[in-house]
Amino acid sequence: MNDFYLKVYAVVQKIPFGKVCTYGDIAEYIGTKGSARTVGYAMNKAASAPFYVPAHRVVNRNGILTGKHHFGSPTHMQELLESEGIQIINNQIQNFEKVRWYPNKK
DNA sequence: CCGATGACTTCTC
DNA sequence: GGAGAAGCCATCG
């Protein structure tokens, strides 16, 4: 556990209900450390984190659920997002611009 | 220390 | 527009 993970987790936990964020935005928000790829790696470890991390609200920059296979079942992530009012078609978030949330936006 | 891996992004063909 | 390659950086064996 290091600062990088803590920052990633902190940002993800700040994502409000019914909103989503991208790996690239998180990486950019954290700064020099990390890239979109390492943010995704942090999400992988988030499953083993001592606290809850809403990783289902983190998607790639196109709003596609690339990491859904890490939620146990391929449809679990989509179901979680849909239960929050986010519409998903073909693994892609609809109205992505509307539900997108930026870390620096508070 | 080094090579392999990955929930990404971007460029090329 | 789909497929492949390169760059990216932290983690693991």
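Here is the naming used below: chain letters follow the sequence lines, and residue numbers restart at 1 for every chain.
A:V59 and A:I64 get closest at one heavy-atom pair: CB-O, 3.6 Å. Contact between A:G67 and A:M77 at its shortest, heavy atoms only, is C-SD, 4.0 Å. A:A36 and A:A27 make their closest contact through N-CB, 3.7 Å (heavy atoms, listed as atom of the first residue, atom of the second, distance).
A donor and an acceptor atom, one from each side chain of A:Q78 and A:H56, are nowhere located under 3.5 Å apart.
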So which protein N/O to nucleotides 10-13 of chain B N/O distances come out below 3.5 Å?
| residue | atom | partner | partner atom | Å |
| --- | --- | --- | --- | --- |
| B:dT10 | OP2 | A:R61 | NE | 2.5 |

So which protein N/O to nucleotides 4-7 of chain B N/O distances come out below 3.5 Å?
| residue | atom | partner | partner atom | Å |
| --- | --- | --- | --- | --- |
| B:dG6 | N7 | A:R37 | NH2 | 3.2 |
| B:dA7 | OP1 | A:H70 | NE2 | 2.8 |
| B:dA7 | O5' | A:H70 | NE2 | 3.1 |
| B:dA7 | N7 | A:N44 | N | 2.9 |
| B:dA7 | N6 | A:M43 | O | 2.8 |
| B:dA7 | N3 | A:Y23 | OH | 3.2 |

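Going from atom CD1 of A:I26 over to atom C1' of C:dC9 covers 15 Å, rounded to whole Å. A:I64 places its CD1 atom 13 Å from the C1' atom of C:dG2, with the value rounded to the nearest Å. Per the geometry, OH belonging to A:Y9 stands 14 Å off P belonging to C:dA10, to the nearest Å. What separates CG of A:N90 from C1' of C:dG1 is a distance of 15 Å, to the nearest Å.
Ion pair A:E84/A:R57 flagged as a salt bridge, since at least one NZ, NE, NH1 or NH2 atom sits closer than 4.0 Å to an Asp/Glu carboxylate oxygen.
A continuous path of Ile, Leu, Val, Met, Phe, Trp and Tyr side chains, each step under 4.5 Å between heavy atoms, connects A:Y5 with A:Y23, placing both in one hydrophobic cluster.
For A:T38 (side chain) and A:Y41 (main-chain N/O), no donor-acceptor pair under 3.5 Å exists by modelled atom type.
Counting heavy atoms from C-beta on, the side chains of A:V12 and A:I26 come closer than 4.5 Å.
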